[in-house]
Amino acid sequence: MDTEKIGKGIGFLRRRYGFTQRHLAELLNISDKAVSKWERGLSVPDVSLLSQLAQIFDTDIESLLEGNLANFQQEWQGELVLSYPANIHADSLLYDKQVICYQLSYFMLAGIVRIRVCGEEEELSRIKRLFGQGERFGLDLVYGVPDERRTSCRTMRVSGLPFLYGKDLTKTMRRILYGSAEQVRLTDDEKRGLGITFVRRPADMWQDVPLERGTIAFPIKDHEALLAASDVAAAVSRMMGERIADLHEIAIARNLIG
């Protein structure tokens with residue numbers, strides 16, 4: 001176990017989320033001196049604190065212990081390729097929110113705020129009217145046309161209209177971003193692609209990563225699937241009090257806005 005590497009990773013994540021050492025210590029009910037020792041590589045967090053740390057930083061215990069600072073520091077960008085089924089548009093409602101909110105939320109859950117939105121002008125105009133450049137949610141949106149020949153390094157791409165809901169979505173995505181695989185695509189439990197990929201650098205082969213057990217995931221390819229996704233979102237809202245794809249709530253939780 002590389003204590004220095006782990007400490008640097010914790011320090012980077014703490015600063016990334018805007019915490020002081022004292023604030024992080026208060027969240028964990030420990031002294032700020034303990035946090036300082038971690039970050040200087042003089043000690044490591046007690047095993048009883050690892051789960052809390054992972055939750056605070058929206059990651060998993062394995063990524064914390066690997067302490068891969070080089071991957072923590074890599075800046076990722078997003079690319080949203082607008083492609084909707086017939087008679088479904090960016091501003092169509094999925095329960096109580098436009099479908100574009102779901103698509104943008106996947107980037108935000110991964111911690112990616114610079115997003116290139118590509119599509120036909122009609123759809124781009126709908127999104128511009130709703131979000132502009134995205135400042136209200138701490139996003140940096142730019143608009144353009146899709147270019148399949150262009151494959152940028154460190155790019156998360158969302159294409160089509162996937163519906164995802166699960167407690168561990170952020171952990172799954174962060175594990176990919178902090179990992180070392182060159183090209184990854186998310187799949188459901190039957191290994192079907194969901195239209196979400198991560199390219200650290202272009203390669204010949206893809207690594208398929210299935211979503212965690214208990215995650216609801218399927219592509220919305222018609223109005224029937226849109227209604228099914230709306231039913232899930234409505235049930236989660238009524239029974240659990242959760243607001244899926246609430247961009248304002250996500251932005252506050254991720255310290256993207258004050």
Side-chain angles (χ1 to χ4, degrees), residues 9-24 26-28 52-60 63-64 69 71-82 90-91 94-118 124 126-144 152 154-158 162-179 186 196-198 200 233 236-237 241-258:
I10 291 173
F12 173 80
L13 290 172
R14 175 182 62 77
R15 291 186 293 274
R16 182 177 186 178
Y17 280 82
F19 298 140
T20 63
Q21 289 184 345
R22 177 173 293 181
H23 186 191
L24 179 59
E26 289 173 352
L27 292 174
L28 297 169
Q52 287 177 266
L53 271 174
Q55 185 175 7
I56 289 169
F57 293 140
D58 281 323
T59 185
D60 59 280
S63 294
L64 283 175
L69 184 61
N71 289 336
F72 286 156
Q73 290 180 320
Q74 286 181 351
E75 291 297 328
W76 284 70
Q77 61 186 339
E79 184 171 87
L80 173 56
V81 181
L82 303 175
D91 56 0
L94 194 168
Y95 182 45
D96 61 347
K97 294 181 180 63
Q98 295 96 342
V99 297
I100 183 61
C101 292
Y102 287 79
Q103 294 171 299
L104 291 175
S105 74
Y106 305 143
F107 294 105
M108 296 172 72
L109 290 174
I112 294 172
V113 297
R114 288 187 291 278
I115 305 166
R116 183 171 183 265
V117 185
C118 307
L124 293 178
R126 296 174 194 268
I127 298 172
K128 289 176 184 177
R129 285 196 299 269
L130 289 170
F131 299 108
Q133 303 303 311
E135 304 98 327
R136 185 159 43 109
F137 302 109
L139 300 175
D140 179 11
L141 303 180
V142 296
Y143 299 90
S152 300
R154 296 187 295 279
T155 298
M156 173 184 173
R157 173 183 280 196
V158 175
F163 176 78
L164 309 178
Y165 171 73
K167 294 293 186 181
D168 293 320
L169 280 179
T170 295
K171 291 181 181 179
T172 299
M173 292 180 183
R174 292 286 175 86
R175 191 179 298 126
I176 293 170
L177 298 182
Y178 297 163
L186 289 184
I196 300 179
T197 60
F198 301 80
R200 177 165 280 101
V236 169
S237 177
E242 291 187 31
R243 295 182 291 182
I244 305 177
D246 187 317
L247 302 188
H248 186 259
E249 190 173 276
I250 297 171
I252 291 176
R254 300 298 186 280
N255 290 315
L256 301 179
I257 56 177

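Residues: numbered from 1 along the sequence shown.
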Peer 1: I want to check something: taking the side chain as every heavy atom from C-beta on, are Leu164 and Leu109 in contact at a cut-off of under 4.5 Å?
Peer 2: no
Peer 1: To the nearest 0.5 angstrom, please state how far the CG atom of Asp140 sits from the CG atom of Leu256.
Peer 2: 12.0 Å
Peer 1: Roughly how far, to the nearest 0.5 Å, is the CG atom of Leu53 from the CD1 atom of Ile10?
Peer 2: 5.5 Å
Peer 1: Tyr106 side chain to Pro162 main-chain N or O, any donor-acceptor pair under 3.5 Å?
Peer 2: yes
Peer 1: Closest approach of Leu247 and Met108, non-hydrogen atoms and distance?
Peer 2: O-CE, 3.5 Å
Peer 1: If you look at every heavy atom in Gln77 and Ile112, which pair is closest and at what distance?
Peer 2: C-CG2, 3.6 Å
Peer 1: Are any of the side-chain heavy atoms of His248 and Ile252 separated by less than 4.5 Å?
Peer 2: yes
Peer 1: I need the minimum non-hydrogen distance between Leu130 and Arg136, along with the two atoms involved.
Peer 2: O-NH2, 3.0 Å
Peer 1: Determine whether Phe163 and Leu94 satisfy the following criterion, side-chain contact (heavy atoms from CB on, under 4.5 Å), listing intermediate values before the conclusion.
Peer 2: CA-CA 10 Å; Phe163 176 78; Leu94 194 168; 4.0 Å; yes
Peer 1: Start with the C-alpha gap between Thr197 and Met156, add the side-chain angles, then the distance that decides, and say whether side-chain contact (heavy atoms from CB on, under 4.5 Å) holds.
Peer 2: CA-CA 6 Å; Thr197 60; Met156 173 184 173; over 6 Å; no
Peer 1: Could you go through Leu24 and Gln21, starting from their C-alpha distance and side-chain angles, then the distance that decides it, and tell me whether this counts as side-chain contact (heavy atoms from CB on, under 4.5 Å)?
Peer 2: CA-CA 5 Å; Leu24 179 59; Gln21 289 184 345; 5.9 Å; no
Peer 1: For the residue pair Lys128 and Tyr143, would you count it as a cation-pi contact if the rule is NZ or CZ under 6.0 angstrom from the ring centre and within 45 degrees of the ring axis?
Peer 2: yes
Peer 1: Using a 4.5 Å cut-off on heavy atoms from C-beta on, say whether the side chain of Cys118 contacts that of Arg116.
Peer 2: yes
Peer 1: If you define the side chain from C-beta out and look only at heavy atoms, does anything of Asp91 sit under 4.5 Å from Ile127?
Peer 2: no
Peer 1: For residues Ile115 and Val158, determine if any side-chain heavy atom of one lies less than 4.5 Å from a side-chain heavy atom of the other.
Peer 2: no
Peer 1: Do the non-hydrogen side-chain atoms of Ile100 and Phe131 ever get within less than 4.5 Å of each other?
Peer 2: yes
Peer 1: Determine, stepwise, if the pair Ile257 / Phe137 fulfils side-chain contact (heavy atoms from CB on, under 4.5 Å).
Peer 2: CA-CA 6 Å; Ile257 56 177; Phe137 302 109; 5.5 Å; no
Peer 1: Roughly how far, to the nearest 0.5 Å, is NE2 of His23 from CD1 of Ile56?
Peer 2: 8.5 Å
Peer 1: Show, in sequence, the C-alpha distance, side-chain angles and deciding distance for Thr155 and Glu79, and conclude whether the side chain to side chain donor-acceptor pair (under 3.5 Å) test is met.
Peer 2: CA-CA 7 Å; Thr155 298; Glu79 184 171 87; over 6 Å; no
Peer 1: Taking Arg200 for its side chain and Leu177 for its backbone only, find out whether a donor-acceptor pair lies under 3.5 Å.
Peer 2: yes
Peer 1: Measure across Gly132 and Leu141 and return the closest heavy-atom pair with its distance rounded to 0.1 Å.
Peer 2: O-CD1, 4.0 Å
Peer 1: Measuring from atom CZ of Phe198 to atom CE of Met173, what distance do you get when rounded to the nearest 0.5 angstrom?
Peer 2: 5.0 Å
Peer 1: Among Ile250, Asp246, Leu169, find the one that has a side chain to side chain contact (heavy atoms under 4.5 Å, CB included) with Ser105.
Peer 2: Ile250
Peer 1: Check whether any side-chain heavy atom of Tyr165 sits under 4.5 Å from a side-chain heavy atom of Val236, and report yes or no.
Peer 2: yes
Peer 1: Angle between ring planes, Phe19 versus Phe57, binned at 30° and 60°: parallel, tilted or perpendicular?
Peer 2: tilted
Peer 1: Salt bridge (Lys or Arg N to Asp or Glu O under 4.0 Å) for Glu249 and Arg243? Distances and angles first, verdict last.
Peer 2: CA-CA 8 Å; Glu249 190 173 276; Arg243 295 182 291 182; 2.7 Å; yes
Peer 1: Are more than 12 heavy atoms from other residues, nucleotides or ligands located less than 6.0 Å from atom CZ of Arg114?
Peer 2: no
Peer 1: Heavy atoms, side chains only, cut-off 4.5 Å: are Thr172 and Leu186 in contact?
Peer 2: yes
Peer 1: Search all heavy atoms of Gln103 against all heavy atoms of Leu80 and return the closest pair with its distance.
Peer 2: NE2-CD1, 3.8 Å
